[in-house]
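To start, the structure itself, in structure tokens.
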Amino acid sequence: MAEPILTCSSVWKLFGPKPRPFMDRHGGAPGLAAILDEGYIPAVRDASLDVNAGEILVIMGLSGSGKSTLLRCLARLIEPTAGAIVFEGQDLLKATNRELTQLRRHKMGMVFQHFALLPHRTVLQNVAFPLEVQGIDRRTRETRAREMIELVGLEGRERYYPRELSGGQQQRVGIARSLAVGPELWFLDEPFSALDPLIRREMQNEFLRLQNMLHKTILFITHDFDEAIRLADRIIIMKDGIIEQAGTATELIENPETDYVREFTKDVARDRLLTVATAVRPAAAGETTQGEVEADATLADVAPQVIEAERPVAVVDERGRMVGVVDRYGLVDAMYADRS
Amino acid sequence: MAAERTLGGSIAGSVAATRRLWRTPGVGPLLVLVPFVALLALKPILPEAGIVWPRDIAVPFIDWINVVVDVFHKHEIFGVFTVKDVTRAIAFGIEWPLDIVHGLLAGGFRSIGIPAIPWVMIAGLAAVFGWWLKGWRLALLAGGCIVYFAVFGKWSLSMTTLSVVLVAAPIAAAVGLALGVVGAKSRPFERALWPLLNVMQSLPHFSYLIPVALFIGVSHRAGAIATILFAIPPMTRLTLLGLKGVSEEVREAGVMAGCTRWQMLFRVEIPAARDSLMLGVNQVIMQCLAMVVIASFVGAKGLGQDLLFRLQSLRLGQALENGVAVVLMAVMLDRLSRALSEKQPERRPDGPFWRVHPYLMVAALIIVVSIVLSLLTPYAQTLPKNATITTAPFWDMVVEFITFTLYDPLSVIRDGLLVHVLIPLRTGFQWMPWIAVASLAGAIGWRLAGPRLAATAAGFVCFIALTGFWERASITAYMVFFALILCLIFGLPLGIWASKTAGRTRFVQLLCDTFQTFPSFIYLIPVIMLFQVGDVAAITAIVIYAAIPIVRYTIFGLRGVPNETIEAAITAGCTPRQILWKVRMPLAFPEIMLGVNQTIMFGLFMVIIAAFIGTKDLGQEIFRALTFADAGKGLVIGLCVAFIGLTVDRLVVEWSEQRRRQLGLA
């Protein structure tokens, strides 16, 4: 297991007149009833999570679930009411403004839902902006910005103004800008939610392509569970300011811990998600097999082969060793496990 | 015990019953009239002080202010200099930029032997500027206006006026921007700023002139200072709104890029608020022009002063020619600054210098050509008097013709209106006890938003009464009220007509835009030509000027009705008339009420200026205060005018916002 690069423990964010004394009065862990009674709005309650180096962690929830607030707490765009946030051994809540500015200038990048481009700057100037505010000279920063623009496939548009670009192109600029300083920690706040479904799909692929090259540590916010499944190494589901469950997509679907998560995962195309490993059973004595499939292939990939086969199909691990067999019944059982 | 309980119960019961009645639709709104009507009915037994607060026991606001003013004016700080000395020193500081700009545009610099810029060059450069901003039409307009000034012999006057605008506008914009920025960064400062802005923007022009005259004296530079002061508030307001309007995400993007506070302000927030700020600049320029015309009362030179002289000596032909020059100046400055605010940054083409900067090349060409021309012929430098045209004799003839042929019919209208409508209405307004008006304002405020608004609205009315100017104020109110009725009669149908098709909307909006840029003073010229001086002339001027917002907001409201709603009405089988009266009008009504509010504000501004042609209201008092440099009186009356406007403004805006929320439009 990789080292966590960012740790957040028991982070609270309450909106209201005097949230800190209120928290103290309730021993640091007020109940929902008390919060609402005294007129506070619970945006994030007792959220703890680790982000491991190089992983894509997706925070998923509907609007008002507190996911964006949590992200903004982690980036210290807003002040958490209570809790601790440690980034590479440094407590962000104790960092001074100067230290935070330095961190943001060198280690963090963020992509915004509505792109947040500066309308009076060209594409090139927008991408170079984070370098400019550091005082890097024009030639260096523009060279770097051009690399970034090329990386997101916008070469030739350097002199365009944001208003001359489509939504997808604007978000590419936003991505290039957030990557310009070479951040270790990359925040993406619903980056594709404002885009058409087709463009969204294209941008998701683009995002995965970039991550394969760059290996950033990523915190990605979305309200779209399909997007979460496509992109995430791990998913955190939030509701009403609380983390309902954290885990890989498979874990969430196979073992939902709460009704809310179950409700959410119910309509997912399980066959595209579950691997053959979930349907495998040990071979019975003297059973003969027909063909073989890999254990980490998805059920959808192997379904035609398994269904066509007269006899069970052998399941092999990455080294080619047989770990068991799978047959039509196993396939169906795995797919409809939640309905039985 | 038992009796007590019943009494308590019955009081509680009646309170509850009143509450219920208050909330009953159809009845509740009428309840606000109860105290008003009751007090009107009780008028015979009201004490005198409840009807018109007597002058001799009036709260001496004027004296209080004058004591403060006197301290600043006469007493020395550290025994060395007075505040007046400081203000005069500042005023001298503005002298040299005024001289430089004026020298460049018209006067030249005799002492060092440099002539002014040739007029052909100014015309050419104005045209190139217009061309760069928006294309050949604007080029033609800008160049054409400049040519008009030269050809019609208004060169020196108009360049003097322009030089004040060119000096005052940047200063006012910079100060306004700075105040707005501080306001956007500091909550307490902002909270203090808003009411101040509201009052300052509803103070009549003259209230600015009096303290300036007192502290700086009557002079050209005093006019420039008054102009600057008058133009600051709109810039501050739009800066505040613009900076608040910067989206949270853009701000966050700035933070995540690692901006320091200053980088944030200058590289993110101010550029992102550019549209709003540039709109502010446009307003500053237009307010400067409006004020520099009126500031001729404290000695500002230029078109305004000349216009004032001509009007005072009733040389209407020349006054009209000056008026046209002011109007052209207004249209030119408005179109140019608006085009500047709408101009988006553009992609630069690659290539040699002359292809990247074609406009600069043309400008350079014009400079060279006009210098050569002015060396060849003096006509290109300044047009001599005998080469200019004047149409004044023609206009004098027209005026004579109007007075000759239309005098009788117009005076019939004028006298009939006066005897049968205006005088009875005026009597009615003067008859109303101030206590009744205050209770009406309070009741409406209470119903709309509770005790705070009630106290504000009633407090404004009380202030006016207690100053001892109630009678004058009621004359002002009556004139604005009557003008409002006329504005509605003419403005509403025009707005409805104009909202029917996109073409009409464009046309009428263009008219409104153009008329609105004219400095209000200009409107006096034609009405004096038609009606001489008096209430009818004043009201006509108010109606022409104040009808603009009603038309504009009616169009805006009607065209703002969601298309889907109209489609729903069509599919429900509504006739066009039903769509208008059952769907579009109700939905547009909150917007139209905002127009009414603006019309009242415009009317108040105009009614004060109309004092110049002989009315008997607050404006006349302000005028007198100006003559005697009575700063206290000028300010108190200015506040009376502002509070009439603000009472209406508070109530109407609150109502309109509530209604729009109810309708789901806001």
Side-chain angles (χ1 to χ4, degrees), chain A residues 68 71-72 75-78 97-136 157-164 173-174 177-178 180-181 183 185-191 194, chain B residues 132-133 177 181 185-187 191 238-239 241-281 339-353 355-358:
Chain A
S68 274
L71 181 82
R72 278 167 173 70
R76 266 293 297 270
L77 280 170
I78 56 177
N97 275 335
R98 188 181 293 265
E99 286 168 338
L100 277 175
T101 300
Q102 286 308 316
L103 271 179
R104 289 178 183 132
R105 284 184 176 182
H106 301 289
K107 304 217 161 164
M108 294 178 181
M110 183 152 167
V111 181
F112 295 88
Q113 180 174 4
H114 301 290
F115 324 135
L117 300 180
L118 301 173
H120 58 291
R121 287 168 168 262
T122 61
V123 168
L124 184 68
Q125 289 167 337
N126 259 295
V127 176
F129 181 68
L131 304 168
E132 183 188 321
V133 296
Q134 294 181 26
I136 293 175
R157 306 272 160 130
E158 289 87 349
R159 289 182 188 207
Y160 281 54
Y161 283 91
R163 70 191 147 85
E164 298 175 295
V173 179
R177 176 178 67 183
S178 69
V181 297
L185 194 52
W186 198 17
F187 297 108
L188 297 101
D189 179 21
E190 301 211 30
Chain B
W132 172 66
L133 285 175
L177 179 73
V181 166
K185 293 286 158 194
S186 150
R187 274 296 282 162
R191 230 172 288 170
L238 282 162
T239 306
L241 291 177
L243 290 181
K244 300 233 145 215
V246 173
S247 86
E248 197 50 40
E249 266 199 350
V250 168
R251 227 182 282 265
E252 287 176 345
V255 175
M256 289 311 287
C259 286
T260 61
R261 276 178 61 179
W262 288 106
Q263 287 175 330
M264 191 70 183
L265 184 63
F266 286 107
R267 301 200 191 184
V268 179
E269 290 174 323
I270 289 182
R274 181 186 172 279
D275 286 357
S276 182
L277 297 181
M278 290 308 289
L279 198 65
V281 170
L340 184 65
S341 72
E342 283 162 8
K343 181 137 184 100
Q344 297 291 338
E346 263 166 33
R347 227 181 307 143
R348 290 239 176 92
D350 281 315
F353 185 81
R355 274 190 63 177
V356 183
H357 302 283

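All of these numbers come straight from a predicted model, not from anything done at the bench. Chain identifiers are assigned alphabetically (A, B, ...) following the order of the sequence lines, protein sequences preceding nucleic acid strands; residue numbering begins at 1 within each chain.
The shortest non-hydrogen separation linking A:Pro119 to B:Pro345 is O-CG, 4.5 Å. Residues B:Cys259 and A:Phe129 approach most closely at SG-CZ, 3.5 Å, considering heavy atoms. Across every non-hydrogen atom of A:Arg105 and B:Thr260, the tightest pair is NH2-CG2, 3.6 Å.
Surrounding CZ of A:Arg163 are more than 12 heavy atoms belonging to other residues, nucleotides or ligands, all under 6.0 Å away.
If you measure heavy-atom distances from A:Gln102 to chain B, you find no contacts under 4.5 Å at all. In this structure, no portion of A:Arg76 lies under 4.5 Å from any heavy atom of chain B. Proximity to chain B (any heavy atom under 4.5 Å) is restricted, for A:Tyr161, to the side chain, taken from C-beta onward. Heavy atoms closer than 4.5 Å to chain A are found nowhere in B:Glu248, neither backbone nor side chain. Contacts of B:Arg274 with chain A are absent, with no heavy-atom separation under 4.5 Å from either backbone or side chain. With a 4.5 Å cut-off on non-hydrogen atoms, B:Gln263 touches chain A through its side chain but not through its backbone. Heavy atoms closer than 4.5 Å to chain B are found in the side chain of A:Phe187, but not in its backbone. Within the 4.5 angstrom heavy-atom criterion, no atom of A:Leu100 approaches chain B.
To the nearest 0.5 Å, atom CZ of residue A:Phe112 and atom OG of residue B:Ser247 are 9.0 Å apart. Here the straight-line distance linking atom CE of B:Met256 with atom CZ of A:Arg177 works out to 10.5 Å at 0.5 Å rounding. Between atom CG of residue B:Asp275 and atom NE2 of residue A:His120 there is a gap of 11.5 Å, rounded to the nearest 0.5 Å.
Put simply, the side chain of B:Val250 reaches to within 4.5 Å of the side chain of A:Leu118, judged on heavy atoms.
B:Glu252 contributes no side-chain N or O that, together with a main-chain N or O of A:Leu77, makes up a donor-acceptor pair within less than 3.5 Å.
When each of A:Ala116, A:Ser178, A:Ala75, A:Gly174 is checked for heavy-atom pairs under 4.5 Å with chain B, A:Ala116 comes out on top. Between chain B and the options A:Arg121, A:Gln113, A:Met108, A:His106, the largest number of non-hydrogen pairs under 4.5 Å is found for A:Gln113. Contact tally against chain B (heavy-atom pairs below 4.5 Å) for A:Pro130, A:Gly109, A:Pro183: the top residue is A:Pro130.
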